[in-house]
Amino acid sequence: MTIDYQPKGVCARQMRIEVEDGVVKSLEVQGGCHGNLQGISKLVEGMKVEDVIARLDGIHCGFKPTSCPDQLAQALKENL
């Protein structure tokens, strides 16, 4: 399954998440902090969707009430 998600309240503009059998196969993010998001993409590859949500849900970026990792968790939760 491919999830195309438009993050809200962060610098990233678009997330494309490939999920197969409950496991994140790949994550591509447009916009945002390129180096950090490449790192997050590599870290979540091969992780169970539930584990990604548990680790990233609720992370804030500075004074923002959300972050790119939190938005990834939201995208996954919406598509469980």
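Residue indices begin at 1 and follow the sequence shown. Hydrogens, waters and symmetry mates are skipped; everything else that's a heavy atom, side chains included, is used.
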Peer 1: Within this structure, what is the CD-CD distance for the pair Q71 and Q6, rounded to the nearest 0.5 Å?
Peer 2: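 Going from CD on Q71 over to CD on Q6, the span is 10.5 Å.
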Peer 1: Any chance you could lay out the side-chain contact (heavy atoms from CB on, under 4.5 Å) test for L76 and I3, step after step, and finish with the verdict?
Peer 2: CA-CA 8 Å; L76 293 171; I3 301 168; 4.1 Å; yes
Peer 1: Take atom CD of Q14 as the centre, draw a 6.0 Å sphere, and report whether it contains more than 12 heavy atoms from other residues, nucleotides or ligands.
Peer 2: yes
Peer 1: Considering all heavy atoms of both residues, which atom of A75 and which atom of I17 are nearest to each other, and what is their separation?
Peer 2: CB-CD1, 3.8 Å
Peer 1: Partners of T2 by side-chain hydrogen bond (donor to acceptor under 3.5 Å, both in side chains), sequence neighbours excluded?
Peer 2: E18
Peer 1: Are side-chain heavy atoms of I40 and P69 found at a separation under 4.5 Å?
Peer 2: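 Contact flag for I40/P69 side chains = yes.
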Peer 1: Could you state the interatomic distance from OG (S41) to CZ (R16), rounded to the nearest 0.5 Å?
Peer 2: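 If I round to the nearest 0.5 Å, the distance is 13.5 Å.
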Peer 1: Side-chain polar contacts of residues 47-58 - donor-acceptor pairs under 3.5 angstrom, sequence neighbours left out - could you list them?
Peer 2:
{"unit_1": "D57", "atom_1": "OD1", "unit_2": "Q74", "atom_2": "NE2", "d": "2.7"}
{"unit_1": "D57", "atom_1": "OD1", "unit_2": "K77", "atom_2": "NZ", "d": "3.4"}
{"unit_1": "D57", "atom_1": "OD2", "unit_2": "K77", "atom_2": "NZ", "d": "3.2"}

Peer 1: Which pair of non-hydrogen atoms, one from G9 and one from K64, has the smallest distance, and what is that distance?
Peer 2: O-CD, 3.5 Å
Peer 1: Between P7 and R13, is any pair of side-chain heavy atoms under 4.5 Å apart?
Peer 2: no
Peer 1: Distance-only check: which donor-acceptor pairs under 3.5 Å involve side-chain atoms of residues 21-39, not counting sequence neighbours?
Peer 2:
{"unit_1": "H34", "atom_1": "NE2", "unit_2": "Q38", "atom_2": "NE2", "d": "3.3"}

